[in-house]
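A quick write-up on the structure given underneath.
The chains referred to below are lettered A, B, ... by the order of the sequence lines, with proteins before strands, and numbering in each begins at 1.
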There are 2 protein chains.
Amino acid sequence: MLVRINTAPRMQIDGQLAALAGERMSCCEFRYRRGAEIFGEGEEPEYVYQIISGAVRTYKLLPDGRRQINAFHLAGDMFGFENETTHRFTAEAIVETNVHLMRRTSILEAVRHGGAGTKDLIKFVTQNLQHAESHMLLLGRKTSLERVTAFLIEMDERLQHPDVMILPMNRRDIADYLGLTLETVSRALSILRDEGLLRFDGNTQRRLELVDRGALAKIDA
Amino acid sequence: MLVRINTAPRMQIDGQLAALAGERMSCCEFRYRRGAEIFGEGEEPEYVYQIISGAVRTYKLLPDGRRQINAFHLAGDMFGFENETTHRFTAEAIVETNVHLMRRTSILEAVRHGGAGTKDLIKFVTQNLQHAESHMLLLGRKTSLERVTAFLIEMDERLQHPDVMILPMNRRDIADYLGLTLETVSRALSILRDEGLLRFDGNTQRRLELVDRGALAKIDA
DNA sequence: CGCTCCCTTGAAAATCCTCAACGAACGTGG
DNA sequence: CCACGTTCGTTGAGGATTTTCAAGGGAGCG
């Protein structure tokens with residue numbers, strides 16, 4: 001499942017990781033195929049990851065298979081840091097994904113010695129917490145239309161307002177992120193399309209164009 | 001709203017705060033009346049709090065008044081730390097509450113100088129994140145009965161499995177924590193009572209006894 | 001004794017989910 | 001390059017869960 005494609009460190013987007021490790025990190029590049037598990041809930045954390053290209057979902061499962069996706073991670077994002085001895089969720093590549101990885105112990109070492117990356121680490125965990133807090137508001141109190149709209153706005157911002165937004169995840173992933181079923185997600189998108197707030201680009205449903213960002217923002221509440 | 005009751009630091013339960021501030025903290029004790037706001041969303045964070053006695057809810061609001069409670073904080077708990085320049089949610093005393101407070105800047109100072117409390121701070125934020133992640137699973141994917149059961153189990157554990165659990169919060173608070181309405185919470189509690197998994201103690205509905213913790217744990221999924 | 005807040009319960013309504021069918025896109029292998 | 005199976009997305013109908021609306025009773029407090 002795990003294919004090493006290049007052992008030489010690439011320096012273009014590893015600023016955050018480098019800072020965390022106090023510039024003395026061991027850094028490799030790996031590729032995961034579409035659908036491949038990067039680490040599983042309960043496993044011992046060995047690496048911290050930064051996405052070079054692709055997309056990753058992290059999720060928790062209930063015993064009967066119900067799934068809640070905590071977050072989507074896109075190019076440039078870090079994920080997988082654990083303070084504890086086990087991973088609290090599972091991470092999978094949504095599409096073919098290339099990541100930088102570094103040993104978790106290097107980071108812990110850096111923190112123990114008061115490394116320069118300590119503040120960045122706190123900031124990283126705090127940002128995750130901040131995202132989780134607003135997602136709790138969405139999951140606990142927003143309607144299906146508001147949730148889907150909020151998702152579109154979040155993706156639009158993270159992809160820096162592209163003309164055409166290309167979603168790496170399917171409807172089921174979106175549903176499990178928003179606490180809905182895939183049918184409800186599909187219906188909400190159809191409503192937004194029928195009302196002229198977005199357009200599907202071409203004959204594929206993963207490429208969409210936000211026509212009226214102002215109206216979308218108003219729906220998001 | 002804010003009444004200073006004692007300016008002398010109390011040392012019994014401030015271990016965590018003390019560690020964070022590298023033992024050189026300025027620490028006061030304050031009392032908040034039932035319902036009093038401790039800080040508001042968007043305000044500039046000045047203090048970090050630790051509860052001596054009482055209970056606190058932290059929540060976010062949507063423009064139309066829908067409320068999502070992120071967490072309940074009980075005696076011994078810390079809350080209110082912010083890495084950013086504004087509070088991300090509002091904190092209110094659920095009942096009359098006594099807190100220790102210390103200046104946020106002392107903690108940031110300690111971290112900047114590689115203080116001994118840095119690791120504790122990361123741990124603190126990580127624990128909050130961990131709670132938020134499992135709460136997202138609850139809000140996104142659990143039924144009303146599972147949510148109420150999970151709430152009871154969480155409170156039972158945090159109160160260290162008392163014979164009679166005394167809840168400081170009302171049904172609306174529980175509902176806003178679980179992403180439900182107060183009626184649904186009430187109905188779920190009635191079901192659990194009718195099935196003999198819990199008992200209401202006396203003629204008040206805030207005191208309840210978990211009769212069959214095993215059965216409750218099974219419902220929680 | 002009043003009032004207010006809190007909780008429960010019932011009935012009706014709304015939202016969302018489940019089940020089902022269908023068509024399109026994609027990927028694989030010939 | 002095409003055929004075929006698989007995955008993916010949409011839409012409809014019916015059903016289940018939760019919410020909304022409403023009423024009533026009990027506890028606490030001035």
In whole angstrom, give the distance that lies between atom CG of B:L189 and atom C1' of C:dT8. 11 Å

In whole Å, what is the span from the CG atom of A:N170 to the P atom of C:dA25? 17 Å

In whole angstroms, the gap separating P of D:dT18 from CZ of B:R66 amounts to 18 Å

Under 4.0 Å, heavy atom to any atom of DNA chain C: which of residues 201-211 of chain A qualify? A:N203

Length of the line joining B:L167:CG and C:dC6:P, which is rounded to integer Å: 14 Å

Expressed in angstrom and rounded to an integer, what is the separation of B:R171 atom CZ from D:dA27 atom P? 14 Å

What integer distance in Å separates A:F200:CZ from D:dG9:P? 10 Å

Establish, from distance only, whether the side-chain atoms of A:D220 and A:T149 form a donor-acceptor pair under 3.5 Å. no

What I want to find out is whether A:E41 reaches A:R88 closely enough, with some N-O distance under 4.0 Å, to be called a salt bridge. no

Between atom CG in B:L182 and atom P in D:dT20, what is the gap in whole Å? 10 Å

Parallel, tilted or perpendicular: which one describes the rings of A:H131 and A:Y177, with boundaries at 30° and 60°? parallel

For every nucleotide of nucleotides 13-18 of chain C, 5' to 3': is a protein heavy atom under 4.0 Å from its base (B), only from its sugar-phosphate (S), or from neither (-)? ---SSB

If you check the B:S186 side chain, which of C:dC6, D:dC8, C:dT9 turns out closest? C:dT9

Please determine whether salt bridge (Lys or Arg N to Asp or Glu O under 4.0 Å) holds for the pair A:R57 and A:D176, giving the CA-CA distance in whole Å, both sets of side-chain angles, and the decisive distance to 0.1 Å. CA-CA 10 Å; A:R57 59 181 169 243; A:D176 286 350; over 6 Å; no

